[in-house]
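Please read the structure below before turning to the comments.
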Amino acid sequence: MALTASRYGKERVRVMRLTRDGDHHTPRELSLDVLLTGAFDAAFTSADNRACVATDSVRNIVNVTAARNLSLEKEDFAGAVAAVLLETYPQIEEVVVEATETRWIRHAFGGAPHGHTFTRDGNGFGYVKLSAGRGGSVLASGLRGYTLMKTTRSGWAGFVDDAYRTLPDATDRIAATSMDATWTWADRPGDFAAANARVLARLIEVFGTTYSHSIQDSLYRMGEAVLADVPEIAEISFAMPNKHYVPIDLDPFGLDNPGAVFLPTDEPHGQIEATIGRG
């Protein structure tokens, strides 16, 4: 039987490049599919792998190219990845790189763009829940999947140190979460849209502009700030999963990684939930 078409490669190679200019950071996050066509037929038809490039090597090439090209936009970055593959392996005839971009929008406070606080483009969904009976009703508003990130001023240290711990203390890390927040109304505000906008503004402000000792720490202070600012709210509940950005080890390639190239991952993730009320 004839092998009429074939290709292989690595899909969902996730990488985030972070450039730092003092307190002004710029994240560039991509998920890449890299597929190779070339003289690989023998691997399919004759169990002969001698011409094959490991897909793990394809991932490593993406990461090394990221470390060497922190500021390239996605179009030029795709070209840089393809160029390394074509220059390194003569058996490759064609490289197809497709990439989807997570677009992080720099948040502004008081009209001034912030150096390291970002929200995701096309972000989240509004939420409402009404429980109504003949004796009364309970109304709640909220957000689902609202994603925000800060690229510094976050830590996770001083936690249980036992035989199962492998995670080191961190005092300067990326903090990101896809937040579900639900606030229950004690009284009807004069304008729901305006009140909900105030809630979101306070949540982002506390998360983005204060040091976070943990997601738990930020979550509690975010809730406190909302209750202090919007008296019509009785309580606010959060579910805030960690979106992890793990520094990629580039030592095997003779490269340093001073907090510049990260593996974005959300599986598995830490899940932090709490409710803050007026007592």
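Under the 4.5 Å side-chain heavy-atom criterion for ILVMFWY residues, a single connected hydrophobic cluster contains both Val128 and Trp183. No single ILVMFWY cluster, assembled from side-chain heavy atoms under 4.5 Å apart, contains both Tyr127 and Ile233. In the hydrophobic cluster analysis, where Ile, Leu, Val, Met, Phe, Trp and Tyr join through side-chain heavy atoms closer than 4.5 angstrom, Met149 is grouped apart from Met240. There is a path of hydrophobic side-chain contacts, each under 4.5 Å, that joins Leu200 to Ile276. Cluster membership check: Leu32 does not share its hydrophobic cluster with Met16, using side-chain heavy-atom separations under 4.5 Å among Ile, Leu, Val, Met, Phe, Trp and Tyr.
In terms of heavy-atom proximity, Phe77 sits nearest to Val62 at CZ-O, 3.7 Å. Annotation for Leu167 and Trp156: closest pair CD2-CD1, 3.8 Å, computed over non-hydrogen atoms. What you find for Leu18 and Gly259 is that their closest heavy atoms are CD2-O, 4.0 Å. The shortest heavy-atom contact between Val261 and Ala67 is CG2-CA, 3.6 Å.
Using a 4.0 Å cut-off between charged nitrogen and carboxylate oxygen, Arg202 and Glu205 count as a salt-bridge pair.
The CG atom of Leu70 sits 8.5 Å away from atom CZ of Arg28, with the distance rounded to the nearest 0.5 Å. Note: Ser6 OG to Leu36 CG = 10.5 Å, rounded to the nearest 0.5 Å.
Within a 6.0 Å sphere centred on CD of Glu98, other residues, nucleotides and ligands contribute 12 heavy atoms or fewer. By the 6.0 Å contact criterion, CZ on Arg278 is enclosed, its count of non-hydrogen atoms from other residues, nucleotides or ligands being greater than 12. The 12-atom threshold is not exceeded at CZ of Phe125, counting heavy atoms of other residues, nucleotides or ligands nearer than 6.0 Å.
When the side chain to side chain donor-acceptor pair (under 3.5 Å) test is applied to Asp169, the partners found at least two apart in sequence or on another chain are Arg165. The side chain to side chain donor-acceptor pair (under 3.5 Å) search around Asp191 returns none, not counting sequence neighbours.
Ser212 and Asp217 are not linked by any side-chain donor-acceptor pair at a separation below 3.5 angstrom, with hydrogens and angles left out of the test. Side-chain polar atoms of Thr119 and Trp104 form no donor-acceptor pair below 3.5 angstrom. A side-chain N or O of Arg221 and one of Thr210 form a donor-acceptor pair less than 3.5 Å apart.
Phe118 does not carry Lys150 over the face of its six-membered ring by the limits of under 6.0 Å from the centre and within 45° of the normal.
No donor-acceptor pair closer than 3.5 Å links the side chain of Asp121 to the backbone N or O of Arg103. The main-chain N or O of Ser237 is never found under 3.5 Å from a side-chain atom of Thr275 such that the two would form a donor-acceptor pair. Here the side chain of Arg106 pairs a donor or acceptor atom with the backbone of Gly115 at under 3.5 angstrom. Although no hydrogens or angles enter the test, the distance criterion places a donor-acceptor pair under 3.5 Å between the side chain of Asn123 and the main chain of Arg120. Using a distance-only test at 3.5 Å, with no hydrogens or angles considered, a donor-acceptor pair links the side chain of Asn196 to the main chain of Phe192. A donor-acceptor contact shorter than 3.5 Å links the side chain of Asn69 to the backbone of Thr65. Between the side chain of Asp256 and the backbone N or O of Pro258, no donor-acceptor pair lies under 3.5 Å. No side-chain donor-acceptor contact under 3.5 Å links Arg198 to the backbone of Val226. Arg17 contributes no side-chain N or O that, together with a main-chain N or O of Glu29, makes up a donor-acceptor pair within less than 3.5 Å. In this structure, the side chain of Asn257 engages the main chain of Ala260 through a donor-acceptor pair within 3.5 Å.
The side chain to side chain donor-acceptor pair (under 3.5 Å) test with His116 singles out one residue from Thr209, Thr26, Asp23, Thr152, and that residue is Asp23.
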For residues 173-182, please give each side-chain donor-acceptor pair under 3.5 Å, one per line with the distance, not counting sequence neighbours.
residue : atom : partner : partner atom : Å
Arg173  : NE   : Ser154  : OG           : 3.3
Thr177  : OG1  : Pro241  : O            : 2.7
Ser178  : OG   : Thr147  : OG1          : 3.4
Asp180  : OD1  : Gly145  : N            : 2.8
Thr182  : OG1  : Arg144  : NH1          : 3.1
Thr182  : OG1  : Arg144  : NH2          : 2.9

Under 3.5 Å, side-chain donor or acceptor atoms of residues 80-97 against the rest of the protein: list the pairs with distances, not counting sequence neighbours.
residue : atom : partner : partner atom : Å
Thr88   : OG1  : Val84   : O            : 2.6
Gln91   : NE2  : Ala51   : O            : 2.8

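Residues Tyr220 and Val206 are not in side-chain contact: their nearest non-hydrogen atoms beyond the backbone lie 4.5 Å or more apart.
Within the structure, no pair that satisfies the ring-ring contact (aromatic ring centres under 6.0 Å, His included) test touches residues 248-270, not counting sequence neighbours. For the ring-ring contact (aromatic ring centres under 6.0 Å, His included) condition, the pairs that include at least one residue of residues 32-75, sequence neighbours left out, are Tyr8-Phe40.
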